[in-house]
Chemist: 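Supplied in structure tokens, the structure appears directly below.
Since the model is a prediction, treat every value here as computed from it, not as a measurement. Chain identifiers are assigned alphabetically (A, B, ...) following the order of the sequence lines, protein sequences preceding nucleic acid strands; residue numbering begins at 1 within each chain.
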4 protein chains.
Amino acid sequence: MSATGGPTARGPRGEAAIHAAVLDLLAAEGYAGLTIEGVARRSGVNKTTLYRWWPSKPALVAATFRHAVARDLPVPDTGTLRGDLVALVRSKTAFLGEGPGRLAADVLAHTGADPELARLAGEVLGQHSAHVAEVTGRARARGEVTGPVDDRLLADLLLGPIWLRAVVTHRPLSAADAEALVDALLPGLDG
Amino acid sequence: MSATGGPTARGPRGEAAIHAAVLDLLAAEGYAGLTIEGVARRSGVNKTTLYRWWPSKPALVAATFRHAVARDLPVPDTGTLRGDLVALVRSKTAFLGEGPGRLAADVLAHTGADPELARLAGEVLGQHSAHVAEVTGRARARGEVTGPVDDRLLADLLLGPIWLRAVVTHRPLSAADAEALVDALLPGLDG
Amino acid sequence: MSATGGPTARGPRGEAAIHAAVLDLLAAEGYAGLTIEGVARRSGVNKTTLYRWWPSKPALVAATFRHAVARDLPVPDTGTLRGDLVALVRSKTAFLGEGPGRLAADVLAHTGADPELARLAGEVLGQHSAHVAEVTGRARARGEVTGPVDDRLLADLLLGPIWLRAVVTHRPLSAADAEALVDALLPGLDG
Amino acid sequence: MSATGGPTARGPRGEAAIHAAVLDLLAAEGYAGLTIEGVARRSGVNKTTLYRWWPSKPALVAATFRHAVARDLPVPDTGTLRGDLVALVRSKTAFLGEGPGRLAADVLAHTGADPELARLAGEVLGQHSAHVAEVTGRARARGEVTGPVDDRLLADLLLGPIWLRAVVTHRPLSAADAEALVDALLPGLDG
DNA sequence: TATTAACCGAGACGGTACGTCTCGTCTTCAA
DNA sequence: TTGAAGACGAGACGTACCGTCTCGGTTAATA
């Protein structure tokens, strides 16, 4: 959208520097420690400019994430439903555990405090759910699944534990955990 | 004198009023909007006294939760594993969706920012795991389950979706959803 | 700029109100009882603004005095050295005993505690010494004094007792005292 | 009792330690920086005890000075009025410039803020006047002075410059200065 | 020897002010 | 129109002392 066919520049002069500063500071101080003034200092842009373009800190952070994290990861096709699901779990775990996604976990934790972040979380989670649906769709095309599958429920069951660990308990989810998780769900998949 | 043989006073004079004020303000402003000065104002206790007893806002909030939310919910015994699990899911859903537990969701979201809250989260999650273990223990005693069960994994699988809906997507989890959730997991429970 | 051609604004918006508040509070509570927060309250200016412009209470007080007390009093010319000296003594006594100068006595008492106030005291005292020199200069022009006169020593001898009474003992110095003081010094003046 | 026949104990247990702490802290932090809690900490005495015996900080400080500085300095008898006066000036200069007397200058500066300190100042200044009177009395006995001498005025004329230099301008008063000071006054002494 | 009164330490309390920080708004000026 | 510069009111931060209070324990002189 903002990319190749967008109507105008849409954004202040040093936008790239701003988003970089947000990510840097998020990594260094966490979401709660991030301040608008800090972003202004680090990006070399005036505080006024930031407020002109984004009404609040969550809005700025959300914009940064839409720029930086929105890249659609490919959903690996391993040939089997189990393989796809395990790969998906590991991919999401990795996303939330390292790089900008790790910052996302911190940001998404503040969903309850700000509607802007809630929207962002909804977008990210929706994308994840879509990936789940893509995997089950493939499985159905292969004939691995024949009965009705509630994609939404499956997404909750897969992503719930992942997010819970990433956001609340911060326990890493190992490869074995990922397989165990999927194996616990597979028997109930095709009822 | 002060206590009729109890160990020690342990806590400032107006402790009850303080914890009440914390819960009130948490409900009204959220965790991020909660301030020590606000608690002092509302509880009628001096700011100095708060700092005398708790070193920081997260410590105060954690103490409040230990006082107010630590009551051990009974784990209903319905006579079947499925019934017990459904009851457990509904109980947790209710807990996170209303009353002080609703505040807990907001507080637990800040796990990453403060070790004190991380400890609190560990306690709450640990209690949850214990409940799950109690239910599976009963099922094993009844002979409903014979093989090995990973209680921790099961706890994550149950709580993950509940937490995700309560905290991130804010979609309520209906009675039918609770049953569907459990039914999706039951087949994988006893290999 | 806001002024009629002055080079720069140099000072916060409500500067006049601030200095007035400082003098009021100094009169009411004394230097020790003066607080930055009190000045902020009374002047209607935010505490932050005060700290933005002056780093400390003594700096603020010194600035106030430079604004309010810096007016150069004329040194009366009575036609004789004795008359001039008596007039000078009474003028300085009056300065330190009433109006803003009375507050100055309180402020100057804290010279030892703060270098900023020490500088202020030095300025005021230097001005007083200059007045003494002006008087002896006139006397020399008249031919009343021919030999060498140590203006510095004379200033110390005249101002020392005045300041001592104003700052430490708070005994008023009467008209007769002023004459006696000068008469005690005159014989040694032209030696 | 603890004393060797004194009428009553009159004072808390660790009084010596308390006064020592007051002097130490006065030297280190100045009068304004001196706090009751600091004295308690340093002297190893409880804050409550201090308040039990002295109602306020100035009262405590005054008591300390009466204990520590009240020792009557001998007034040297040099055989001539001039010599006695010069010796007196140098003695006072030394007193105000070093040791506990140096602290006295800081303390006496707060005369205006507290009646307790004002009384102390009165005692110190009175003692000074008595020294001057002793010197002039000797001179009269010798026949050096015959006319009337206002001892109080002379005391102010001597102490004023000394105090001014020690406390306000912090210019040291050299031996030559002391002689010049006395020589400026001597001609006016005996009319 | 037993009593009693004075003194002690301990530490909690409400309160005021400190000096710093970030917020979000605002005005002014230059390009 | 856009942005840079930066002052401003608001208000929380965490700390330091203030002066008061209650609580047990100890000491020392008396009865």
Chemist: What nucleotide among F/dG3, E/dT16, F/dG19 has an atom nearest to a side-chain atom of B/N46?
Modeler: E/dT16
Chemist: Measure from the side-chain heavy atoms of A/Y51 and tell me the nearest of F/dA12, E/dT25, F/dC8.
Modeler: E/dT25
Chemist: Nearest-Å distance, NZ (D/K57) to P (F/dG19)?
Modeler: 9 Å
Chemist: Tell me what B/R13 touches on the nucleic acid: a base, only sugar-phosphate, or nothing, going by heavy atoms under 4.0 Å.
Modeler: sugar-phosphate
Chemist: To the nearest Å, how far apart are B/E29 CD and F/dA12 P?
Modeler: 10 Å
Chemist: Rounding to an integer number of Å, can you tell me how far C/L50 CG sits from F/dA7 P?
Modeler: 14 Å
Chemist: Under 4.0 Å, heavy atoms only, any strand: does B/P12 hit a base, just the sugar-phosphate, or nothing?
Modeler: sugar-phosphate
Chemist: Would you say C/T48 places a side-chain N or O within less than 4.0 Å of OP1 or OP2 belonging to F/dA10?
Modeler: no
Chemist: Reading DNA chain F from 5' onward, which residue's closest nucleotide shows up sooner: D/I36 or B/S56?
Modeler: B/S56
Chemist: Does the side chain to side chain contact (heavy atoms under 4.5 Å, CB included) test come out yes or no for D/L117 and D/L108, once each step is laid out?
Modeler: CA-CA 7 Å; D/L117 294 183; D/L108 294 184; over 6 Å; no
Chemist: Closer to the 5' end of DNA chain E via nearest nucleotide, is it B/G44 or C/R52?
Modeler: B/G44
Chemist: Do side-chain atoms of D/D114 reach the backbone of D/P58 as a donor and acceptor pair under 3.5 angstrom?
Modeler: no
Chemist: Test your reading of the model: is there a side-chain donor-acceptor pair from B/D106 to the backbone of B/Y31, 3.5 Å cut-off?
Modeler: yes
Chemist: Nearest to the side chain of B/T35 - E/dC8, F/dC13, F/dA4?
Modeler: F/dC13
Chemist: What is the distance from CG of D/L60 to C1' of F/dC18, rounded to the nearest Å?
Modeler: 15 Å
Chemist: Is it the case that the side chain of D/H67 and the backbone of D/A63 share a donor-acceptor pair, with hydrogens and angles ignored and the cut-off at 3.5 Å?
Modeler: no
Chemist: Determine yes or no for a side-chain-to-main-chain donor-acceptor pair under 3.5 angstrom, with C/K57 supplying the side chain and C/L34 the backbone.
Modeler: yes
Chemist: With a 4.0 Å limit, can you tell me whether A/W53 has a side-chain N or O closer than that to the phosphate oxygens OP1/OP2 of F/dG3?
Modeler: yes
Chemist: Report which part of the nucleic acid B/W54 touches: base, sugar-phosphate, or nothing (heavy-atom distance under 4.0 Å, all strands).
Modeler: nothing
Chemist: Quick one: does any side-chain atom of B/T64 pair with a main-chain N or O of B/L60 as donor and acceptor, under 3.5 Å?
Modeler: yes
Chemist: Would you mind telling me which of F/dC8, E/dC18, F/dC17 lies closest to the side-chain atoms of D/E37?
Modeler: F/dC17
Chemist: To 10°, what angle do the rotation axes through the five end pairs on each side of the helix from E/dT1-F/dA31 to E/dA31-F/dT1 form?
Modeler: 0°
Chemist: Does the base of E/dG15 carry an N or O that pairs as donor and acceptor with the side chain of B/K47 under 3.5 Å?
Modeler: no
Chemist: Among E/dG9, E/dG14, F/dC8, find the nucleotide with the atom closest to the side chain of D/T49.
Modeler: E/dG9
Chemist: Can you pull out every salt bridge (Lys or Arg N to Asp or Glu O under 4.0 Å) where at least one residue sits in residues 17-36 of chain B? Sequence neighbours excluded, please.
Modeler: B/D24-B/R42
Chemist: Counting just side-chain N and O atoms, does C/R41 come under 4.0 Å of either OP1 or OP2 of E/dA17?
Modeler: yes
Chemist: Ignoring hydrogens and geometry, is there a side-chain-to-backbone donor-acceptor pair from C/S43 to C/V39 under 3.5 Å?
Modeler: yes
